Amino acid sequence: MATTVRKAGLVGGGVIGAGWAARLLLNGIDVAIFDPDPEIGRKAETVLAGARRAWQRLIPAGLPAEGKLRLASSVEDAVADADFVQESLPEREDLKIDILARIDRATRPDVVIGSSTSGLLPTRLQSGMAHPERLVVGHPFNPVYLLPLVEICGGAATSDATKQWAADFYTSLGMHPLHVRKEIDGFIADRLLEALWREALWLVNDGIATTEEIDDAIRYGAGLRWSFMGTFLIYRVAGGEAGMRHFLAQFGPALKLPWTKLEAPELTDALVDRVAEQSDDQAGGTSIRELERIRDDALIAVLSGLRGEDYGAGKTLADYARAVMAKLPAAANEVDETKPLALHETPVAADWIDYNGHMTEHRYLQVFGDTTDALLRYLSVDADYLANGGSWYTVETHIRHLGETKAGDRLTATTQILGADEKRIHVFHSLARASDGACVATAEQMLLHVDARTGRGGPASGAPAAKVAALAKAQAGLAPPDGAGRRIAMPGK
Ligand SMILES: CC(C)(COP(=O)([O-])OP(=O)(O)OC[C@H]1O[C@@H](n2cnc3c(N)ncnc32)[C@H](O)[C@@H]1OP(=O)(O)O)[C@@H](O)C(=O)NCCC(=O)NCCSC(=O)C[N+](C)(C)C
């Protein structure tokens with residue numbers, strides 16, 4: 001099995017296939033995609049544009065160089081030289097069995113083939129393959145480029161090595177693999193979603209609630225807590241200090257009451273009309289594109305919040321961001337160290353704007369923090385150095401706001417080293433608006449080398465120590481930038 005995936009072959013370019021393409025490309029993997037839809041190129045580019053925008057906001061410190069997208073002319077053309085294949089065809093078992101057998105014949109036998117099926121059994125999907133051991137379900141959720149969950153399910157012939165490889169690979173893409181222990185129609189997540197949906201359709205059918213009222217019942221309540229703890233952990237908390245046993249004793253008897261009807265209602269014309277009309281009213285004319293943008297922005301907000309908590313899907317994101325940072329190139333050879341370094345740039349996201357219509361103040365610190373991270377990467381502070389407890393912490397910051405910046409502006413940061421010793425780096429970051437080069441903010445910072453295991457300041461070591469010394473020497477002749485050393489004071493004081 002491939003140790004490094006450089007090329008992925010995708011078969012099926014609908015919402016799910018295009019979502020996979022975006023996630024893979026943003027991870028620096030080249031993608032060849034086949035779909036008979038003549039609009040595939042435009043559709044994939046649209047999804048990719050949304051994904052780029054989302055990832056720049058989720059991981060502003062930087063991403064790998066984006067992979068290249070190629071529109072393939074056939075299934076075989078898409079997968080022939082792939083290191084990994086993902087099938088995302090419509091949910092028709094006969095079609096999937098047939099195409100998976102073609103993919104199997106066209107790829108190297110060591111290439112893992114993932115299927116995006118949301119509920120078909122992998123044992124049946126692999127039935128036409130000569131190498132069924134490499135077929136595994138990797139069931140993602142829409143939007144694939146933002147939601148981390150991927151259900152992994154093997155068929156009777158799937159090897160353990162394939163399942164493990166798939167879990168490791170999907171993790172490297174920033175996803176959370178969930179192993180489905182036993183092959184089952186609908187796997188885990190769709191079984192839960194279907195149960196809720198059946199009940200929701202009954203509530204509409206019986207005139208108890210509209211589609212909007214049902215969505216409100218979820219999004220203002222349980223849906224918020226599901227996003228980080230799920231059902232069981234939330235009920236455990238609800239059980240108080242006695243936990244789940246108490247919760248089951250208290251609310252278990254209600255489970256015997258005939259509240260829910262898990263047999264779905266007949267989708268009669270009348271019910272379909274009612275659901276569709278209520279759904280149109282609920283959307284209030286907002287287009288699907290706009291709803292997608294709202295969905296993505298809200299997911300980014302949730303994921304970013306959870307990242308701050310290092311919890312649930314936020315921990316997956318934080319781990320992924322750390323892994324990406326460790327893998328980004330430490331230094332470009334052609335950098336002229338005798339000038340301020342240009343190591344970071346970022347667009348200004350719409351949700352960085354405050355009620356005055358410009359970028360709000362804490363986002364400046366975020367951008368300067370990301371700039372410091374870029375500097376630390378440049379200084380070879382990598383995963384090994386961090387794992388050994390070495391790091392620089394910011395101990396002092398002075399930000400000046402010199403000009404406004406608006407949503408969509410592109411900002412470029414430059415960094416000058418004002419001084420350094422064995423434990424300190426004194427830096428001066430300048431932030432310019434790319435459109436006119438105007439300096440909109442500066443940040444002067446003192447970074448202190450810390451042994452994260454003891455939580456005390458101390459000398460740097462190894463390659464980072466040597467690089468700091470060389471960089472400080474190279475920049476020693478630069479004139480101090482305007483504003484360096486400035487303190488906040490009333491005039492004349
Ligand atoms: C751990 C900590 C940073 C320092 O704790 P300490 O070791 O107990 O600190 P000391 O007082 O003993 O100081 C050690 C030496 O450092 C010098 N120092 C301290 N502050 C400054 C300063 N502002 N300017 C210059 N020098 C300073 C001090 O003089 C001592 O020097 P000696 O030569 O006498 O040894 C502790 O303070 C701490 O944990 N602070 C919180 C840090 C933090 O959380 N920062 C925000 C994190 S955000 C970040 O780091 C972003 N990023 C870099 C990752 C992008």
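The first residue of the sequence shown is numbered 1, and numbering continues consecutively from there. Remember, predicted model here, so these are calculated numbers, not experimental data. Whatever order the structure lists ligands and atoms in, that order sets their numbers, starting from 1. Both backbone and side-chain heavy atoms feed into the values below; hydrogens, waters and symmetry mates do not.
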- request: Please state whether the rings of Tyr170 and Phe84 are parallel, tilted or perpendicular, taking 30° and 60° as the class boundaries.
  value: perpendicular
query: Parallel under 30°, tilted from 30 to 60°, perpendicular over 60°: which one fits the rings of Phe187 and His139?
result: tilted
- prompt: Sub-3.5 Å donor-acceptor pair from the side chain of Glu337 to the main-chain atoms of Gln475, do we have one?
  reply: no
task: Considering only NZ, NE, NH1 and NH2 on the basic side and carboxylate oxygens on the acidic side, decide whether Glu292 and Arg289 come within less than 4.0 Å.
output: yes
Which protein N or O atoms sit under 3.5 Å from any N or O of ligand 1? Give each pair with its distance.
unit_1   : atom_1 : unit_2 : atom_2 : d
ligand 1 : 7 (O)  : Arg456 : NE     : 3.2
ligand 1 : 7 (O)  : Gly457 : N      : 2.6
ligand 1 : 8 (O)  : Arg456 : NE     : 2.9
ligand 1 : 12 (O) : Arg456 : NH2    : 3.4
ligand 1 : 23 (N) : Glu396 : OE1    : 2.9
ligand 1 : 26 (N) : Arg424 : NH1    : 3.3
ligand 1 : 31 (O) : Arg424 : NH1    : 3.3
ligand 1 : 33 (O) : Lys423 : NZ     : 3.4
ligand 1 : 33 (O) : Arg424 : NH2    : 3.3
ligand 1 : 35 (O) : Lys423 : NZ     : 2.7
ligand 1 : 45 (N) : Thr394 : O      : 2.8
ligand 1 : 50 (O) : Thr394 : N      : 3.0

- request: Would you indicate whether the side-chain heavy atoms of Thr442 and Leu431 approach each other to under 4.5 Å?
  value: no
task: Determine whether the side chains of Gln86 and Ser116 contain a donor N or O and an acceptor N or O closer than 3.5 Å.
output: yes
